[in-house]
Amino acid sequence: MRYSEMFLPTVREVPSDAEVISHQLMIRAGMIRKLTTGIYSVLPLGYRTVKKVEQIIREEMDGAGAQEVYLPAVQPAELWEESGRWKFYGKELLRFKDRHNRECCIGPTHEEVITDLVRNEVKTYRQLPRNLYQIQTKFRDEVRPRFGVMRCREFDMKDAYSFDADEKGADLSYEKMFKAYTRIFSRVGLNFRPVEADSGNIGGAYSHEFMVLADTGEDALAFCSACEYAANLEKAEIAKPAALQIDPSQFKALETIHTPNVRTIEEVSAFLGVTPQDIVKTLIFVADGKAVAVLIRGDEEVNEAKLRNFLGADAVELATDDIVLAATNSPKGFAGAIGIKADVYADYSLMNRVNVVMGANREDYHVKNANLGRDYGVKAFADLRIVKESDSCPRCGKPVRFARGIEVGHVFKLGTKYSKAMKATFLDRDGKEKFMIMGCYGIGVGRTVAAAIEQQHDAQGILWPMSIAPFHVIIIPVNVKDENIAKAGEELYRELEEAGLEVLLDDRDERAGVKFNDADLIGIPVRVTIGPKSLAAGNLEIRMRKTGEMKTIPVKEARAFIKDLVKGELKSLNDPNH
RNA sequence: CGGGAUGUGGCCCAGCCUGGUAGGGCACUGCGUUCGGGACGCAGGAGUCGCGCGUUCGAAUCGCGCCAUCCCGACCA
C-alpha cells in the first residue's frame, strides 16, 4: 500500500476526550473515529489489525472443532421472553418495535438465537457435540461508555456456543475452548492470565476470564503469590476459618448504650473507644425483592456478587431507607442482628467473635457485648466479603497479590440454563429426552486490539506485535524528489510485496521527520529507511520499532533479510511454546 | 439517575470575570526557499461563538431554559 493513497489521517495532538492511552493512540494513529457516544468507525489501518485478530481467532476456533456461523443482529422479543431475559436484562438491552409493532432488540449476546437454531435441528445424541461460533456486531447500551473501544456500546465479539449430551462432554468442550483461548491470546502477543470469574447475568456455574494485565484495566484481580490460583476480585474466595469452641462463660453482660447521631463505623469506634474489628456492621440488602441482613466485621466490605451467588438470587442491591426502617425500626446507622426482621447471614470474618458491638435497631443506640447464640442468631456463615491485601490464598494459604486487568475473553459453563428455559432437548442413547448442556465463549475483538496497545506502546506510539501489525514493514524514502531514492523505494516495495510481506511505502512528499513520527505512531514493527548517504554506498537502514535496534545492510540483501526477520517473528508468536 | 466541568473554523485552545467590528497554534490552498526526527517566508480560504428565549443602543461575554459531550459516582458479559 502506498501511504499517499491510503486513508490514514494521523493526529498530532492528543484528543481531549480520550482518557486512556489505547484510545488516544487509536485516534491519533488514524485507526478509529467516533461517530457518537460509544460508537466508532474503524478506518483502514485499524481494520487491518482487527481482521488479523479475527483471522487468528478463526484459525484457532476451527482448529478446536468449532464451526463458523453468522447469526442475526436483530432478534425478536419472544425468544428473550422464553429465556426469561426480556425482563431481567434491563436498560442495557436496546429494544425497539418494527413496523408491525413487534418488540425486537439488537443482540447484546446470542444465547437465545443459537439455542433456538440448535433445538430445531439437533434431535439426537448422534448430532452432539456441536460448537458453533460467529464474529458479530453486538449492541449493549452501556450506562457509561468510556475508554474508546474498551467499553463501547457497539462492538464486535466472537461468541461461540457448545452443546453437549452430558457433563463430561461439556467439560471437554470447555477445556478445548480454554486451550484455544490460550493459543489465541498468545498468538496475538499479549501478556495475559486466565482467572476464575463470576458469571454475571449470562448465567451458569463456572467461568474463567482471560485478563490482559494492564494498570488501566477496569477489573481488579487477586492472584496467589505461590500457586496458580487467580480470580477476579468479585469472585476471589476467602477460606473458611476453623470454628473454635466458644466458652459462654467469657460472655459479658449485654449493654445498651446511648450513641446519639453516631452511625458510621468510624464514628462508633471513636465514640466507644473500640477498633472497627470489634464492631459488627449490619447491612440490609434486597435480594429479589426480599430483605436480608448481612453481618460483617466493621473493617470489611461486602462483596455483592458473592452474596448474590450465595443466595441464588438474580439481583441484589443495598436496601433503601424505608426498607431499613421496616426491618430495624430505626433509620440507617443503627441496624444490628438482635431482633431484626430479616434473614440474617454472617460473613466468615465474624466466626469465633465474642462480645461485639452492633447497632441496637433503635435510633441513637448501639449494644456492647453482643454474642452469637445468647443474643442473636444467624441462618448461616458464608464467604461474603471482598478480599483484602492481608488475606491469604484460599488454595494454599500463601499471601494474595492484586493486579488490574482488561477482560478480553470469557468462557462459561452454562449448564442447562438456556436449554431448559427454551426446551433444547435431544434423545439420548437410552431413548430418554434430555436437555443439552451448553457452554458459551466470548472474545471482544476491539477490546483485544485496545488491550494490545495498552500493553505495548511507548512515548512515540504503538508497538505492534508482528502478528497483528497492520503492516509488517514501512519503507521510508527520505526524499521522494531524489530519483535514486524514490526508485530504490519502489523497487524494494515491489520485491517485498512479491515476497508475501505486507508493506506500506511512505511515498509522500513530506519531510523525513514527519514520516518517522508517523511510522512510530502507527507502530509498524520494521522500518526501512532509504537515505542519500547510505544509498550511495549501496546500503539501507533497518530499524526495529520495539527495540530501536538499527542495522545497515546492502540493498541486494534487503529482500531476504527483511523476509527472514518478519517470518521469524511471526513464527515465534505462532509457536504455542514460545 | 446523582455530583462536577465543558461547548468558539477540521483539530487543540485563548477571549467571557469587567458587554463594543472573533483571535492564536496546528491542519488546508498557492508561490518560493528548505529537505534524515513533526521547517520557514509571503499570500489565501474556512467560524450563524451548541440551540432557544430574555436583558441591553449593542451579547461569544450577563440571566433563564434546553441539548450535547467529558469526568467522578451509582451500574455493568
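Here is how names work: the chains are called A, B, and so on, in the same order as the sequence lines, proteins then strands, and each is numbered from 1. Heavy-atom basis, side chains included; hydrogens, waters and symmetry copies ignored. On a predicted model such as this, the values are computed, not experimentally measured, just so you know.
Rounded to whole angstrom, the span from the NE2 atom of A:His23 across to the C1' atom of B:C71 amounts to 14 Å. Atom pair A:Arg447:CZ and B:C76:P shows a separation of 15 Å (rounding to whole Å applied). The CD1-P distance, from A:Ile485 to B:G36, rounds to 9 Å in whole Å. Distance CD (A:Glu317) to P (B:C76): 9 Å, rounded to an integer number of Å. Per the geometry, CG belonging to A:Asp509 stands 12 Å off P belonging to B:G30, to the nearest Å.
Ranking B:G38, B:U69, B:U34 by closeness to the A:Thr36 side chain, first place goes to B:U69. For A:Thr37, taking side-chain heavy atoms from C-beta onward, the closest of the listed nucleotides B:U69, B:G25, B:A39 is B:U69. With distances taken from any side-chain atom of A:Thr529 to the nucleotides B:A39, B:A74, B:G36, the minimum falls on B:G36. Taking only side-chain atoms of A:Asp518, from C-beta outward, the nucleotide of B:G38, B:G36, B:C12 with the closest atom is B:G38. With B:C75, B:G36, B:C26 as the candidates, the nucleotide lying closest to the side chain of A:Glu304 is B:C75. The side chain of A:Val143 sits closest to B:A74 out of B:A74, B:G38, B:C13. Comparing B:G38, B:C1, B:U34 against the side chain of A:Lys481 picks out B:U34 as the nearest. The side chain of A:Arg12 lies closest to B:A27, out of B:A27, B:G73, B:G36. Here B:C72 is the nucleotide among B:G36, B:C76, B:C72 with the atom lying nearest to any side-chain atom of A:Arg146.
Residue A:Gly442 is classed as having no contact, given no heavy-atom separation below 4.0 Å to the nucleic acid. Across all strands shown, A:Pro15 has no heavy atoms under 4.0 Å from either base or sugar-phosphate atoms. The residue A:Asp482 sits apart from the nucleic acid: no heavy atom pair falls under 4.0 Å. Nucleic acid contact class of A:Glu19 (heavy atoms, under 4.0 Å, all strands): sugar-phosphate only. Residue-level contact check: A:Arg527 touches the bases, meaning some heavy atom is under 4.0 Å from a base atom. Counting any heavy atom pair closer than 4.0 Å across all strands shown, A:Ser534 reaches a base atom. Nucleic acid contact class of A:Phe147 (heavy atoms, under 4.0 Å, all strands): none. Counting non-hydrogen atoms under 4.0 angstrom, A:Val11 reaches nothing in the nucleic acid. Across all strands, A:Glu92 comes closer than 4.0 Å only to sugar-phosphate atoms, never to a base (heavy-atom distances).
Across the C1' atoms, B:A43 and B:C53 are found 43 Å apart, a figure rounded to whole Å. Rounded to the nearest Å, the gap between the P atom of B:C31 and that of B:C13 is 33 Å. Taking atom P in both B:C49 and B:G2, the straight-line distance is 31 Å, to the nearest Å.
Across all strands shown, B:G73 is found opposite B:C1 as a Watson-Crick or G-U wobble partner, with both distances under 3.5 Å. With a cut-off of 3.5 Å on both Watson-Crick or G-U wobble distances, the partner of B:G36 is given as none. With a cut-off of 3.5 Å on both Watson-Crick or G-U wobble distances, the partner of B:G20 is given as B:C57. When both distances must be under 3.5 Å, the Watson-Crick or G-U wobble mate of B:C42 is B:G30. B:A14 is unpaired under the Watson-Crick or G-U wobble criterion, no partner having all donor-acceptor distances under 3.5 Å. Base pairing analysis places B:G65 opposite B:C51; the two distances defining the Watson-Crick or G-U wobble pair are each below 3.5 Å.
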query = Could you go step by step and tell me if A:Glu142 and A:Arg151 meet the salt bridge (charged side-chain N to carboxylate O under 4.0 Å, His left out) rule?
reply = CA-CA 8 Å; A:Glu142 294 281 350; A:Arg151 181 162 221 80; 3.5 Å; yes
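A:Phe155 does not carry A:Lys138 over the face of its six-membered ring by the limits of under 6.0 Å from the centre and within 45° of the normal. Cation-pi contact between A:Arg508 and A:Tyr3: present, with separation from the ring centre below 6.0 Å and deviation from the ring axis of at most 45°.
In this structure a side-chain-to-backbone donor-acceptor pair under 3.5 Å is missing from A:Asn232 to A:Lys235.
The aromatic rings of A:Phe185 and A:Tyr181 sit perpendicular to each other, their planes meeting at more than 60°, with 30° as the lower class boundary.
Applying the 6.0 Å contact sphere to CG of A:Asp322 captures more than 12 heavy atoms from other residues, nucleotides or ligands. Within 6.0 Å of atom CD in A:Glu103, more than 12 heavy atoms from other residues, nucleotides or ligands are found, so the atom counts as buried in its surroundings.
Ion pair A:Glu60/A:Arg187 flagged as a salt bridge, since at least one NZ, NE, NH1 or NH2 atom sits closer than 4.0 Å to an Asp/Glu carboxylate oxygen.
Judged by atom type and distance alone, A:Arg543 does not reach the base of B:G36 through any side-chain donor-acceptor pair under 3.5 Å. Taking only distance into account, the side chain of A:Asn479 never meets the base of B:G36 through a donor-acceptor pair shorter than 3.5 Å. Taking only distance into account, the side chain of A:Glu510 never meets the base of B:G38 through a donor-acceptor pair shorter than 3.5 Å.
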